[in-house]
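In the text below, chain A, chain B and the rest are named by the order of the sequence lines, each starting its count at 1.
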There are 2 protein chains.
Amino acid sequence: MGVTIYDVAKEANVSMATVSRVINGNTNVKPATRQKVLNAIEELGFRPNAVARGLASRKTTSVGVIIPDISNLFFAELARGIEDIASMYKYHIILSSSDQQQNKELDLLDNMLEKQVDGVIFMGSSVTSEHIEAFSQANVPVILAATVDDSHTLPSVNIDYYEAMKDAVIHLSQQIDKEAIGFVTSPLNAKINEMKRQGYLDAIKESGLPFNEEYVYPGDDSYQSGIDAANYFLNQTNPPKAIITSSDEMALGVIHGAQDYGINVPDDLNVVGFDNTRLANMVRPTLTSVLQPMYDIGAVSMRLLTKLLRGEEIEEEQVTLPHRIVVRDSTKN
Amino acid sequence: MGVTIYDVAKEANVSMATVSRVINGNTNVKPATRQKVLNAIEELGFRPNAVARGLASRKTTSVGVIIPDISNLFFAELARGIEDIASMYKYHIILSSSDQQQNKELDLLDNMLEKQVDGVIFMGSSVTSEHIEAFSQANVPVILAATVDDSHTLPSVNIDYYEAMKDAVIHLSQQIDKEAIGFVTSPLNAKINEMKRQGYLDAIKESGLPFNEEYVYPGDDSYQSGIDAANYFLNQTNPPKAIITSSDEMALGVIHGAQDYGINVPDDLNVVGFDNTRLANMVRPTLTSVLQPMYDIGAVSMRLLTKLLRGEEIEEEQVTLPHRIVVRDSTKN
DNA sequence: GTGAAAGCGCTAACAC
DNA sequence: GTGTTAGCGCTTTCAC
C-alpha cells in the first residue's frame with residue numbers, strides 16, 4: 001500500500017496527468033508513453049485508489065441496494081439480477097437488508113448517500129410520502145424494483161400484480177367448474193399484496209364464482225402460514241376445491257397441510273402459488289405458479305439505472321415485465 | 001448536495017476542525033459550541049461525505065464480501081449473518097458473487113481493495129496459493145467463512161465438515177443395521193466437499209459397513225442431481241437402504257426421485273441431507289439433516305473481522321462452530 | 001477548547 | 001501528446 005499515481009509518474013518519467021490518462025483509458029497518449037506507464041504500474045504494483053478517484057471525480061461507480069431481506073429466496077434472486085448487470089457495467093453493489101422497516105430503509109438510504117453512491121435500487125413493501133421526499137432529495141437516481149408506488153413518480157420495474165393474480169384465478173376457475181377458490185394473502189401492508197388481493201376479488205366477481213370473506217386467509221408469507229391456511233380451509237363446512245396463494249412458500253405449506261389432512265392434491269384440491277421460485281419444482285406434486293421474473297426484474301432495474309447514470313435515452317421509466325402461469329401438477333381437473 | 005463541512009463552519013462561526021470534532025463525537029468541544037454546530041448542520045441539511053472522510057482518514061467503514069452465489073439459499077443466509085453484524089458495527093457491505101471462478105474471485109478482491117475496503121470476508125470452494133498470495137498482499141484482514149484452507153494461515157469460521165459427515169453416517173448406520181449407505185457428493189473441487197466425502201468413507205470403514213465405489217454418486221448440488229442420484233441407486237441390483245447427501249437440495253431430489261420410483265421414505269429408504277436449510281422442513285417426509293449454522297458462520301466471521309479491525313483481543317483465529325444432526329421424518333428404522 | 005494548515009490520491013481544466 | 005495546477009471534502013497534527 002502507499003504507491004500512488006505520483007510514484008508511478010516519477011518512475012515512468014511522465015506527469016501525474018499522463019498516468020491518470022493511461023489508467024482511465026484516455027486515448028490521447030502516445031503508445032510508447034502508455035507502455036512506459038504500464039510498465040511502471042506493473043513494477044510498482046500500483047493499484048488506483050478508488051476513494052480518491054471518487055472524491056475528485058464525484059463518481060464512485062457504486063450503487064446502493066436496499067432490500068427487505070437478502071436471505072429470502074425471492075429477493076436473493078432479484079439481487080443476483082442486479083449484481084450481474086452491475087458488474088457488467090463495472091458498478092459495485094452496497095447491499096443492505098431493511099426488514100421492510102421504514103426507519104431502517106430511510107437510514108440505509110442516508111448512509112448510502114453519505115457514501116456517495118451514484119444511484120439506488122429500492123425494494124420495499126410500501127412507498128410512503130416520506131420515501132418520496134427522501135428519494136427526491138437524494139440527488140441521485142432511485143429505482144423501485146418489485147415495488148409499487150401509486151404516485152408513479154419514480155422509475156420502476158414490476159410485473160402487473162393485479163392482472164397476474166386475476167389471470168391465475170381465472171385460469172383456475174376454468175379447471176374447477178364454478179367452485180369456490182380460497183385465497184391466502186401475504187401481509188396487506190404492502191401495496192403489491194393489496195393488488196394481488198384485488199386481482200383475486202375481481203376475478204372471482206367476473207367469473208361469477210361464489211365468494212364470501214371466509215375464503216380469504218391472511219397469511220404472512222411463511223411456509224407455516226400455508227399449513228395453517230390449509231387447516232383453516234379444510235375445517236370449513238364447505239371447503240374450497242382450490243386454493244391460490246400470494247407466494248410459493250405458502251403454497252407448499254398449503255399442499256403439505258392438505259396432504260397431512262389426507263387430502264389429495266390435485267384430485268381433491270387444486271393449489272396455485274405465486275412467483276414461480278425454484279421451490280415450485282421441489283415439491284410433490286409440483287406446483288403450478290404465476291411466473292414473476294425476479295432475476296429479470298433485478299437485471300432490468302440495474303440496466304435502467306445505468307442508462308440514467310450514463311444519460312442514455314430512456315423510452316419508458318415505468319417498466320412492466322410480462323408474467324405468465326406455469327402449469328404443473330398441483331392443478332388438474 | 002454541495003453543503004460541506006466548510007459551509008457548516010461558516011454558518012456556526014467556528015472552524016472546520018470543530019465541525020469535524022462534532023460530527024465525529026470528539027469530546028473536546030464545549031457543549032454550547034457543539035449545539036451551535038449541530039444547529040447549523042440541521043439548518044443546512046449537511047450530510048458528511050464519506051468518500052472525503054475515507055480519503056483523509058484512510059478508513060472507509062466498508063468491507064468486501066466475496067460470495068459464490070447470493071441467490072443460493074445457503075449463502076444468502078450466511079450473507080444475512082454477515083450483514084446484521086456489520087450494520088451493528090456501522091460497516092457497509094460491498095457484495096459480489098464469484099460463481100466460484102478463481103479469476104473472478106481474484107478480480108473482485110482487487111476491485112474491492114481499490115475501493116479501499118477495511119477488510120474482506122471470503123467464501124469460495126477452494127483456497128489456492130494464488131489466493132493466499134493475493135490475500136497477503138491485501139494489507140487488510142481477510143477472513144474465510146465456510147471455506148477451508150489447508151494451510152490454516154488465515155482467520156476462518158467453519159464447522160468440522162469431516163466430523164459432521166462422519167457423525168451423520170454413524171447415526172444413520174445405527175438405524176439401518178449394517179446395510180449399505182449411498183452417498184451423493186457435491187463437486188469435489190471444493191475442499192469442504194472433499195472433507196465430507198472423507199468423513200463418509202471413514203465412517204463406513206469404522207462402522208464395518210459394506211462399501212464399494214458404486215455407493216458414491218457425484219452430484220452437483222442441484223435438486224435435479226438428487227433425482228438422478230435416486231435413479232442411479234435404485235437401479236442397482238442391490239440398492240442401498242439409506243442415502244446421505246452433501247446438501248439439502250440434493251436430498252430433496254433423492255426423496256422425490258425415490259417417491260417417483262414408488263419407494264417409501266423412510267420405510268424403504270432413509271435419507272439424510274446436509275446444511276439443515278429451511279428446505280428440510282418443506283418436504284414430506286421432513287428431512288433429517290446435519291445442522292450447519294450458516295447465519296452464525298456469517299455473524300461470527302463479521303464479528304471476528306470487527307475485532308481485527310479494532311485491534312481487539314482475539315483468542316483464536318480459527319473458529320470451529322458446533323454442528324449437530326436434526327432428526328426428522330426421513331429417517332426411521 | 002478551538003483554529004490554521006497541510007495533506008489524503010486522484011481528476012479535470014487549461015496551457016503549451 | 002503532455003504537463004501544471006487547482007481543487008474534491010474531509011481528518012489530523014500542531015499551535016495557541
Interatomic distance where [atom1] belongs to [X] and [atom2] belongs to [N] [whole Å]:
X         : N       : atom1 : atom2 : result
Arg47(B)  : dC10(D) : CZ    : P     : 12 Å
Ile23(B)  : dT2(C)  : CD1   : C1'   : 16 Å
Leu113(A) : dG9(D)  : CG    : C1'   : 16 Å
Glu114(B) : dG9(C)  : CD    : P     : 15 Å
Asn24(A)  : dT2(D)  : CG    : P     : 16 Å
Met16(B)  : dT12(D) : CE    : C1'   : 11 Å
Tyr6(A)   : dG7(C)  : OH    : P     : 12 Å
Ile5(A)   : dA12(C) : CD1   : P     : 11 Å

OP1 or OP2 of [N] under 4.0 Å from side-chain N/O of [X]:
X        : N       : value
Asn49(B) : dC10(D) : no
Ser15(A) : dT4(D)  : no
Ser20(B) : dT12(D) : no
Arg58(B) : dG9(C)  : yes
Ser57(A) : dC10(C) : no

Q | Verdict with supporting geometry, Gln137(B) and Glu133(B), side chain to side chain donor-acceptor pair (under 3.5 Å) | A | CA-CA 6 Å; Gln137(B) 305 207 323; Glu133(B) 167 75 4; 3.1 Å; yes

**OP:** Under the salt bridge (charged side-chain N to carboxylate O under 4.0 Å, His left out) rule, what do Arg303(B) and Glu312(B) come out as? Steps first, then yes or no, please.
**Re:** CA-CA 11 Å; Arg303(B) 181 64 187 102; Glu312(B) 292 176 20; 3.1 Å; yes

Just wondering, more than 12 heavy atoms not from Lys10(A) lying within 6.0 Å of its NZ?
->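 At most 12 heavy atoms, drawn from other residues, nucleotides or ligands, come within 6.0 Å of this atom.
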
Counting side-chain heavy atoms from C-beta on, which of [options] comes nearest to [X]?
X        : options                  : value
Lys30(B) : dT2(C), dG9(C), dT2(D)   : dT2(C)
Thr4(B)  : dT2(D), dC10(D), dC10(C) : dC10(D)
Leu55(B) : dG1(D), dC8(C), dT11(D)  : dC8(C)

Q) Nearest 0.5 Å, what's the CG-CG distance between Leu154(B) and Leu144(B)? A)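 Result: 5.0 Å between the selected atoms.
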
Please tell me which of Val14(B) and Ala56(B) maps to the more 5' nucleotide of DNA chain C, matching each residue to the nucleotide holding its nearest heavy atom.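 Comparing both residues, the 5'-ward one is Val14(B).
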
Classify the side chain of Arg21(A) and the base of dG3(D) as holding, or not holding, a donor-acceptor pair under 3.5 Å.
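Yes.
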
Which atom pairs, donor and acceptor, lie under 3.5 Å between side-chain atoms of residues 71-82 of chain B and protein residues at least two apart or in another chain?
unit_1   : atom_1 : unit_2   : atom_2 : d
Ser71(B) : OG     : Asp69(B) : OD1    : 2.8
Ser71(B) : OG     : Asp69(B) : OD2    : 3.1
Arg80(B) : NE     : Asp69(A) : OD1    : 2.9
Arg80(B) : NH1    : Asp84(B) : OD1    : 2.4
Arg80(B) : NH1    : Asp84(B) : OD2    : 3.2
Arg80(B) : NH2    : Asp99(A) : OD1    : 2.3
Arg80(B) : NH2    : Asp99(A) : OD2    : 3.2

